[in-house]
Protein chains: 2
Amino acid sequence: MRASAASEIATVDRILDVAERLVQTLGFNGFSYGDVAGELRITKAALHYHFPTKGALGSRLVARYGEAFRGALAEIDAAESEARRKLARYARLHAGVLRGNRMCLCGMLAADQATLPREMRARVRAFFDANEAWLGGVLEHGRRAGELRFDGAPREQARVLLSALEGAMLVARSYGDVARFTSVAERLLAALAAD
Amino acid sequence: MRASAASEIATVDRILDVAERLVQTLGFNGFSYGDVAGELRITKAALHYHFPTKGALGSRLVARYGEAFRGALAEIDAAESEARRKLARYARLHAGVLRGNRMCLCGMLAADQATLPREMRARVRAFFDANEAWLGGVLEHGRRAGELRFDGAPREQARVLLSALEGAMLVARSYGDVARFTSVAERLLAALAAD
DNA sequence: GTCTATAGGTGGATAGAC
DNA sequence: GTCTATCCACCTATAGAC
C-alpha cells in the first residue's frame, strides 16, 4: 500500500460506492457483481478478489453506511444545540439520500431481510438501534428543555419517528417525488413542537 | 370452466396465493417461477401457461391485493362509524399482514420499484392513492365530528399515517417483532385523538 | 491486483407432446 | 392444463496466468 494522491480513490472504495448506489436503488437482489464490474470496467473476478462473496460486500456496505451516518449525527450534535434543529437536520439527512431515487440503504435491506446472510441482518438492526438511540436522546433532551412535547418514553417516540421517515422514503420514491417525503417529515416534527 | 366444489381452489388462485406470500417475504427479485412451481408441485412451464411473464404475474398480484384491501376498507366502513375506531381497525389490518413475517405487498414492491415493469409500478401507486384517499376521508370526517385533532389538510395527514405504518412494518420485520409495529401504530393514533 | 477462462447452477421463457 | 425438454442469458464463485 502506497501513499495515494488526493484525487485517487482506492478500488475498494469505488466498488463500495457503486454497489451502495445499486443496492439503494435496485435492492440487494436487484444488482449483480456483473453490474458493478461493468460500471467500473473491471472484471467480476477482480471484484471477488476484494470481496470474496456478495454477503461480504453487503456487510462492508452496511458497516460503512452506519459509520457515515454516525459521523453525520456527530456533526449535527456539534453544530446544533436545539432539539428541534437537530431533528430538522436529521430529516434533511434522509431527504438528501432520497434525491437520486435512493432509498435508505438499511431501509432497503430491511425489505430484503429474509434473503440476507445473518451478519448483514444484524448490522441492519444495529443501524436502526443507533438511530433510535440518537433520536431518543434528542427527544428526551428536547422535552426536558421544554422545546418538545410528546407522551411516553423518548425511545418509543424515537421509533415512531424512525419508522415514519423510513416509510416516507419508501412511499415517496414510488412517486419519484421528494416533496412527498419533506412534507411528511415537516408534519412529524411540527407535531412535536412545544408551542 | 365448470362449477367447482367449495373445497377446490383454482390453480390460478393457488399460484397467486403462493406468489403473493413469496413476494411479501422475499421481494419481487427474491423469488422465482421455480419456487412457486416447486411449492405447488407443478412445473415452471405450467406456470407460464397461466402467467406468460413474471411481470404479468406481478400485475395480477397487485391488482388482487388492491381489491382485497378495498374490500377490507369497505367492511370497516360498514362496521364502524367512529373515525378513531376505523383507524384502529385499519392499523390492525396491517398488523395482520405483518404476522407471518410478511410485509405489505405494495410496501415491498415500492422497495423493488426501479426493477418493476411500468404497469406494476402504476398499480402500486394506485394502491397508495386508494389508501390515502380512504384515510383522508376518515380523517376529514373525524375532525369535523370533533373526534380527531390535527393541523392542515386531511389528505396530507393521511400521507403521514400511511408512510408511518408502511415504515413501521418495514422496521418491525427486521426485528421479527410485531409489537414494534403495534406500539408505533398506537402512538400515531393516540396523537390524533381530540381529548 | 487484474485478467481469461470456466465451472456449476438458476433465471425467465418457449416448443411441442399428451 | 400439465408435462418433458430445451434455450440462452445471467448468476456467484473459483483456478491459475500475468
Side-chain angles (χ1 to χ4, degrees), chain A residues 1-5 7-20 22-23 25-62 109 112 114-121, chain B residues 1-5 7-23 25-62 108-109 112 114-121:
Chain A
M1 190 192 293
R2 60 175 177 76
S4 54
S7 64
E8 294 181 52
I9 301 172
T11 305
V12 168
D13 293 320
R14 297 201 303 143
I15 292 168
L16 289 170
D17 288 342
V18 171
E20 182 180 82
L22 291 176
V23 174
T25 49
L26 308 175
F28 194 70
N29 298 313
F31 89 105
S32 70
Y33 267 45
D35 296 331
V36 179
E39 207 165 314
L40 292 176
R41 296 177 170 278
I42 57 175
T43 59
K44 292 186 286 176
L47 258 180
H48 278 284
Y49 168 80
H50 296 284
F51 301 98
T53 68
K54 202 182 178 186
L57 171 56
S59 280
R60 278 286 294 275
L61 231 37
V62 189
L109 293 176
D112 297 326
T115 68
L116 301 181
R118 271 184 185 288
E119 194 186 324
M120 284 188 70
R121 260 184 273 180
Chain B
M1 190 191 295
R2 60 171 177 78
S4 53
S7 65
E8 292 182 53
I9 301 173
T11 304
V12 167
D13 293 319
R14 297 200 304 142
I15 293 169
L16 289 170
D17 288 342
V18 171
E20 183 180 81
R21 195 189 68 244
L22 291 175
V23 175
T25 50
L26 307 174
F28 194 70
N29 298 313
F31 90 104
S32 71
Y33 266 46
D35 295 331
V36 179
E39 208 166 313
L40 292 176
R41 296 176 171 280
I42 56 174
T43 59
K44 290 189 291 175
L47 258 181
H48 278 286
Y49 168 80
H50 296 284
F51 300 99
T53 69
K54 203 182 178 187
L57 170 56
S59 278
R60 277 287 294 275
L61 230 36
V62 188
M108 180 62 89
L109 293 176
D112 298 326
T115 68
L116 301 181
R118 272 184 185 287
E119 194 186 324
M120 284 187 69
R121 259 183 272 180

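Quick caveat: nothing in here was measured; it's all calculated off a predicted structure. What's counted below: heavy atoms across the whole structure, side chains too, no hydrogens, waters or symmetry copies. Naming convention: chains lettered A, B, ... in sequence-line order (proteins, then strands); numbering from 1 in each chain.
Whole-Å rounding puts the K54(A) NZ to dC10(D) P distance at 15 Å. One interatomic measurement links the two molecules: CG of L47(A) to P of dT12(D), which rounds to 10 Å at whole-angstrom precision. Between Y33(B) atom OH and dC8(D) atom P there is a gap of 21 Å when expressed in whole angstrom units.
Contacts with DNA chain D (heavy atom under 4.0 Å) in residues 37-46 of chain A: K44(A), A45(A), listed by number.
Interatomic distance, N29(A) CG to T115(A) OG1, rounded to the nearest 0.5 Å: 4.0 Å. Separating the NZ atom in K54(A) from the NE2 atom in H48(A) is a distance of 10.0 Å, to the nearest 0.5 Å.
Among the heavy atoms of the strands, none lies under 4.0 Å from F51(B).
Remark: R121(A) CZ is packed, more than 12 non-hydrogen atoms of other residues, nucleotides or ligands lying under 6.0 Å away.
Residues passing the salt bridge (charged side-chain N to carboxylate O under 4.0 Å, His left out) test with R21(B), sequence neighbours excluded: E39(B).
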Requested in this report: Could you please spell out the steps behind the side-chain contact (heavy atoms from CB on, under 4.5 Å) verdict for L16(A) and F51(A)?
Outcome: CA-CA 10 Å; L16(A) 289 170; F51(A) 301 98; 3.8 Å; yes
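Counting all heavy atoms, side chain and backbone alike, V12(B) lies closest to H50(B) at CG2-ND1, 3.4 Å.
For DNA chain C, the span of nucleotides reached by chain A at under 4.0 Å from its heavy atoms goes, 5' to 3', from dG1(C) to dT4(C).
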